Amino acid sequence: MDSPSDNYPFILREAAEAYLADGLEAGRLVLSPIAAEIWPGMPPGSIQRRRRQVDDIQRVVRRRDFSVNRSAATFQRDHFRCRYCGVEIIPKPIAMLMHWLYPCELRFHEHYKAGCTHPLFWTRVAEADHLVAGSVGGAWTDPDNLVTACVCCNTRKGNASIDEIGWRLREPTPGWDGLVPLYRRVWERAERPRPDFHLRWLRALGATE
C-alpha cells in the first residue's frame, strides 16, 4: 500500500501554531496553499463489494462502534500512523476543530460526500479499524485486532483481510504526535466549542494541559 505524498499534517501544525500566536487570519494564510482542495469521490481501487454491502456494514458499525477511549488508545499505541500505508495521521476531533475554525479552507461533509470534503479528511484523518472484521469472526474489542488506519485505507480495505488484497501490516514508527500537544491550546483559544465532544477526546488523548 503506497503512502500519499501530501504534506497536510505539517501544514495543519503550522496553521495551528500561527493561529495560537497571531490569530485566525495568520492561520488562514498558512492554509492558503491547500485551501478549498476537494476530494473527488471514493478512493481509487476501493473494494467494490463494500459499496454493495453498505446496509450490512452500517448495521455492523452500530454494533462495533469504537469508544473514544478505545480509539484514542489505538492511535497512541500506533504513534499516530496508519498501519496500512504508514502516513502520519491526525485524530478526527483535531481535524474537526481546525475545520470549525476554517470551514471554507478545510471543507468537510459528515458523510464524506463526493465533492464536499477536503482531501485531508481522507488521507490524514485517523480511524480505528479491525484487522480482521468482526463480521467475519474477528474479536470486536481485542487490542491486538485493532489498528490505526487513515480513512482512505480503511475505506479501500473494507471487510477484506490484508492477505486478500496483498497488503502488509506496518510496524508503528515513533516520532509523530498527531498534533495532540496543540489540541487543548487551540480548543481553548477558540473559546471551547462543542465541549462535551472535545472534552471526552481531550481526556482520552491525555491532552490535559
Side-chain angles (χ1 to χ4, degrees), residues 1-4 8-9 12 42-43 45-47 49-51 53-97 108 110-112 120-181 183 196-208:
M1 177 62 198
D2 294 331
S3 302
Y8 296 144
L12 213 64
M42 292 289 286
S46 297
I47 306 302
R49 68 168 174 264
R50 181 179 173 89
R51 294 187 181 182
Q53 294 175 337
V54 167
D55 291 340
D56 290 340
I57 290 171
Q58 288 177 342
R59 285 192 290 270
V60 170
V61 165
R62 284 192 289 270
R63 294 203 310 271
R64 59 85 163 155
D65 191 27
F66 293 100
S67 70
V68 168
N69 288 339
R70 189 175 298 137
S71 295
T74 302
F75 303 158
Q76 290 168 321
R77 182 205 63 198
D78 292 341
H79 300 288
F80 301 97
R81 291 185 184 272
C82 176
R83 297 289 299 278
Y84 301 130
C85 70
V87 298
E88 301 90 348
I89 53 80
I90 302 163
K92 187 174 180 179
I94 300 176
M96 290 299 299
L97 178 59
F108 177 72
E110 63 177 331
H111 300 301
Y112 288 78
L120 162 77
F121 289 93
W122 279 97
T123 66
R124 298 295 186 153
V125 162
E127 293 185 330
D129 181 40
H130 288 105
L131 187 59
V132 178
S135 58
V136 294
W140 292 112
T141 59
D142 183 355
D144 290 336
N145 193 39
L146 303 180
V147 296
T148 300
C150 65
V151 172
C152 190
C153 283
N154 201 10
T155 302
R156 290 182 64 184
K157 175 177 172 287
N159 280 354
S161 71
I162 58 174
D163 290 337
E164 286 179 300
I165 55 179
W167 291 3
R168 64 180 178 86
L169 193 65
R170 299 176 186 238
E171 290 300 316
T173 304
W176 173 247
D177 60 19
L179 305 189
V180 170
Y183 185 13
D196 291 344
F197 172 75
H198 285 294
L199 281 170
R200 285 186 293 128
W201 276 102
L202 285 161
R203 286 191 291 266
L205 291 166
T208 55

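Note that this is a predicted model, so its numbers are computed, not measured. Along the sequence shown, residues carry numbers from 1.
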Quick check: closest heavy atoms across [X] and [Y], and the distance to 0.1 Å?
X      : Y      : value
Asp129 : Ala149 : CB-CB, 4.2 Å
Tyr84  : Ile162 : CE2-CG2, 3.7 Å
Ile89  : Ala126 : CD1-CB, 3.2 Å
Ala95  : Val125 : CB-CG2, 3.7 Å

May I ask you to decide if Cys150's main-chain N or O and Arg124's side chain share a donor-acceptor pair within less than 3.5 Å?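 Not a single qualifying donor-acceptor pair exists.
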Using 0.5 Å steps for rounding, measure from the [atom1] atom of [X] to the [atom2] atom of [Y].
X      : Y      : atom1 : atom2 : answer
Asp142 : His130 : CG    : NE2   : 9.0 Å
Lys157 : Cys152 : NZ    : SG    : 14.0 Å
Gln76  : Asp177 : CD    : CG    : 11.5 Å
Lys92  : Phe197 : NZ    : CZ    : 7.5 Å
Met96  : Trp201 : CE    : CH2   : 12.0 Å
Glu127 : Thr148 : CD    : OG1   : 10.5 Å

Side-chain contact test, heavy atoms from C-beta onward, threshold under 4.5 Å: evaluate it for Pro91 versus Tyr183 and give yes or no.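 The answer is no, as the side chains (C-beta and beyond) never meet within the 4.5 Å cut-off.
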Report the residues that fulfil side chain to side chain contact (heavy atoms under 4.5 Å, CB included) with Ala204, sequence neighbours left out, ordered by chain and then residue number.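 Val68, Asn69, Ala72.
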Could you work out, with side chain to side chain contact (heavy atoms under 4.5 Å, CB included) as the rule, every residue matching Arg83, not counting sequence neighbours?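 Expected list: Arg77, Asp78, Val147, Leu169, Glu171, Pro172.
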Using 30° and 60° as the class boundaries, would you call the ring planes of Trp122 and Tyr112 parallel, tilted or perpendicular?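 Trp122 and Tyr112: perpendicular rings.
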Working note: Trp176 + Phe80, criterion ring pair (Phe, Tyr, Trp, His ring centres under 6.0 Å); need CA distance, chi angles, decisive distance, verdict. CA-CA 6 Å; Trp176 173 247; Phe80 301 97; 8.2 Å; no
